[in-house]
Trainee: 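Before we start, here is the structure in question, set down as structure tokens.
Given the structure is predicted, the values throughout are model-derived calculations rather than measurements. Numbers here simply count residues along the sequence, with the first being 1.
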Amino acid sequence: MSSSLKPEIDIGIIANSTSPSNRLALKAELGEPQMGFFPPLKFSFGHLKGHIIPLDIQPGDIFSSHKMTLAREACLLATDRLVESGAKVVCFTASTKRLPGKNGVYLLEKPYYKKTIFSIGDSATTLSFLATIKQGLKITFEHEKVVVIGGGFLGLEAVKFITKLRGGRQNLSLLSAHTQNLHANIEILQGVKQLEEGAKILIVCTHKHNLDAQTLQKILAKDAIVIDVAAPPGISWPVFKELKPRPKRWSAGDFYLENIDYSFSPEILSFPNKNFFYGCFTEALCLALASSKSKNGNLKKFNFFSVNDANQALLQNYLRQIQAKVPLVDFFCLDKGMEVIDF
């Protein structure tokens with residue numbers, strides 16, 4: 001790898017096309033992909049500059065072994081490109097999180113990555129997600145039922161957070177295909193048919209259960225709140241718009257940043273305006289800021305391929321410094337407006 005190039009960026013983000021229509025939008029904006037990825041989308045935040053490189057893959061491609069291999073090759077080439085351009089931090093987002101291997105094992109083979117901070121952005125996403133849940137719990141009573149759909153990482157974080165806030169008084173159900181070692185008061189459900197009515201807060205962390213309008217109409221309480229952090233959304237717009245009346249809905253896991261700037265259309269990132277930024281993207285921004293402010297620029301003692309207390313404490317500090325806000329917004333129904341809360 002050449003080291004003679006003048007650094008032009010601080011932050012590298014690797015993402016993917018979210019749909020065939022999104023791929024067409026990327027192609028119209030950036031031109032044809034080469035070597036499995038598109039040219040970068042460029043952004044800035046204060047003195048920090050960044051590139052977002054979209055891989056030419058669709059969300060489901062990583063579940064095919066052949067496509068996974070090709071995607072990993074493209075991902076590593078894109079990582080090379082970002083590090084050559086000066087990126088101190090490289091974040092793997094959306095469907096690219098698995099491509100570096102567990103704890104970035106495929107990156108450890110390359111000695112010129114020794115000074116690069118790698119992340120999958122889940123810590124900041126989790127912080128935004130839990131802030132949204134906390135806001136929902138504030139406007140409900142402690143005895144009212146909460147249902148979490150999906151027992152993956154974010155689903156379990158939601159369950160642990162609610163358990164901590166409510167103590168032994170939680171009225172909490174988790175729909176998960178796997179039995180979890182959780183608090184005895186938590187009801188574990190293994191199928192959609194087991195869901196009962198009365199959910200005041202429905203937290204959706206996966207799109208694997210194919211919830212239909214009839215099921216949702218049955219389980220949602222009056223004046224329910226739906227918090228959807230899944231990507232793509234766990235409850236699709238065609239299903240959600242059938243609900244009568246439509247419940248309050250918050251799209252979760254993102255931040256609202258006053259000073260983010262770029263020249264491409266925010267619709268390419270599936271946002272209505274450029275102040276919205278994904279939680280994982282925001283983590284990369286915070287880590288670049290932390291790296292530039294630390295005495296030796298070294299954050300290597302942290303493992304940003306996982307979510308832990310040390311990561312979250314560090315990120316909370318920088319999220320406050322950049323005055324990140326958490327949007328309470330429904331991207332399905334923007335005409336309803338939004339509220340932003342301080343992080």
Side-chain angles (χ1 to χ4, degrees), residues 5 7-19 21-59 61-62 71-72 74-100 104 107 116-125 128 231-232 253-257 259-289 291 304 322 324 331:
L5 296 175
E8 58 178 301
I9 62 170
D10 307 282
I11 306 162
I13 295 172
I14 296 180
N16 57 271
S17 165
T18 58
S19 67
S21 60
N22 180 243
R23 184 185 185 278
L24 290 175
L26 287 167
K27 186 176 173 182
E29 176 74 25
L30 301 170
E32 290 284 352
Q34 301 290 331
M35 297 183 293
F37 56 90
F38 288 90
L41 296 162
K42 301 178 180 181
F43 70 93
S44 64
F45 185 88
H47 70 280
L48 298 173
K49 292 180 170 55
H51 284 179
I52 304 165
I53 293 186
L55 302 187
D56 189 19
I57 62 171
Q58 294 298 307
D61 287 355
I62 59 170
R72 177 167 288 135
C75 181
L76 294 176
L77 286 171
T79 303
D80 284 351
R81 182 71 55 84
L82 291 168
V83 174
E84 282 181 341
S85 297
K88 302 177 186 69
V89 174
V90 176
C91 187
F92 303 94
T93 70
S95 296
T96 76
K97 294 177 190 287
R98 298 185 185 185
L99 299 180
L107 304 170
T116 311
I117 304 302
F118 293 107
S119 169
I120 55 172
D122 279 347
S123 293
T125 299
S128 174
D254 307 314
F255 286 96
Y256 190 85
L257 305 177
N259 297 317
I260 199 75
D261 191 38
Y262 50 79
S263 59
F264 56 88
S265 170
E267 292 182 1
I268 286 181
L269 299 180
S270 301
F271 289 134
N273 68 57
K274 66 172 60 175
N275 294 117
F276 294 101
F277 223 43
Y278 291 112
C280 44
F281 288 19
T282 308
E283 178 164 325
L285 192 158
C286 288
L287 293 180
L289 189 61
S291 179
F304 296 109
I322 66 173
F331 288 130

Trainee: Would you please indicate if the ring centroids of F281 and F43 are separated by under 6.0 Å?
Mentor: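 No, they do not, as the ring centres are separated by 6.0 Å or more.
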
Trainee: With a 4.5 Å cut-off on side-chain heavy atoms, are F276 and L269 touching?
Mentor: no

Trainee: Just so I know, are the side chains of F45 and F277 near enough to count as touching, which here means a heavy-atom distance under 4.5 Å?
Mentor: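 Contact flag for F45/F277 side chains = no.
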
Trainee: What's the shortest heavy-atom distance between A284 and V89, and which atoms?
Mentor: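 Answer, listing the atom of A284 first, then V89: O-CG1, 3.9 Å.
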
Trainee: Check each of I52, L41, L285 against I13 using the side chain to side chain contact (heavy atoms under 4.5 Å, CB included) test, and report the only one that passes.
Mentor: I52

Trainee: Considering non-hydrogen atoms only, spot the tightest contact between F255 and A324 and give its length.
Mentor: CD2-CB, 3.8 Å

Trainee: Is the number of heavy atoms from other residues, nucleotides or ligands within 6.0 Å of NZ (K274) greater than 12?
Mentor: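 Enclosed: over 12 neighbouring heavy atoms sit under 6.0 Å from NZ of K274.
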
Trainee: Tell me the closest heavy-atom pair linking S128 and G253, and the distance in Å.
Mentor: OG-C, 3.5 Å

Trainee: Hey, are the side chains of P59 and N16 touching, using non-hydrogen atoms and a 4.5 Å cut-off?
Mentor: yes

Trainee: Just how far is it from atom CD1 of I57 to atom OG1 of T18, taken to the nearest 0.5 Å?
Mentor: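 If I round to the nearest 0.5 Å, the distance is 11.5 Å.
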
Trainee: Could you check if a side-chain atom of P54 sits within less than 4.5 angstrom of a side-chain atom of N22, using non-hydrogen atoms only?
Mentor: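 The answer is no; the side chains never approach within 4.5 Å.
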
Trainee: Could you report the tightest heavy-atom contact between F38 and P33, atom names first, then the distance?
Mentor: CE2-CD, 3.6 Å

Trainee: Around K97, counting heavy atoms of other residues, nucleotides and ligands shown, do more than 12 lie under 6.0 Å from its NZ?
Mentor: yes

Trainee: Can you tell me how far CD of E29 sits from CD of E267, rounded to the nearest 0.5 angstrom?
Mentor: 11.5 Å

Trainee: Evaluate the side chain to side chain contact (heavy atoms under 4.5 Å, CB included) criterion for residues T125 and T282: first the C-alpha distance (whole Å), next the side-chain angles of each, then the deciding distance (0.1 Å), finally the verdict.
Mentor: CA-CA 8 Å; T125 299; T282 308; over 6 Å; no

Trainee: Do D10 and K88 meet the salt-bridge criterion of a basic N to acidic O distance under 4.0 Å?
Mentor: yes

Trainee: I need the minimum non-hydrogen distance between A124 and G279, along with the two atoms involved.
Mentor: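 A124 and G279 have their closest heavy atoms at CB-O, 3.3 Å.
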
Trainee: If we only count heavy atoms from C-beta on, is the C75 to F92 side-chain gap below 4.5 Å?
Mentor: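 Yes, side chains in contact.
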
Trainee: Of all heavy-atom pairs between I14 and A78, which one has the smallest distance, and what is that distance?
Mentor: CD1-CB, 4.1 Å

Trainee: Would you mind reporting whether L99 and L55 have side-chain heavy atoms less than 4.5 Å apart?
Mentor: yes

Trainee: Could you grab the distance from atom SG of C91 to atom CG of L82, nearest 0.5 Å is fine?
Mentor: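 Those atoms lie 11.0 Å apart.
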
Trainee: Are D56 and R23 packed together at the side-chain level, in the sense that at least one heavy-atom pair is separated by less than 4.5 angstrom?
Mentor: yes

Trainee: Would you compute the distance between atom CZ of R98 and atom CD1 of I62 and round it to the nearest 0.5 angstrom?
Mentor: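 These two atoms lie 4.5 Å from each other.
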
Trainee: Measure the spacing between OG of S119 and CD1 of I11 and express it to the nearest 0.5 Å.
Mentor: 11.5 Å

Trainee: To the nearest 0.5 angstrom, please state how far the CG atom of L289 sits from the CD1 atom of I322.
Mentor: 7.5 Å

Trainee: Is the distance between the ring centroids of Y278 and F271 less than 6.0 Å?
Mentor: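 Between F271 and Y278, which both carry aromatic rings, the centre distance is below 6.0 Å.
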
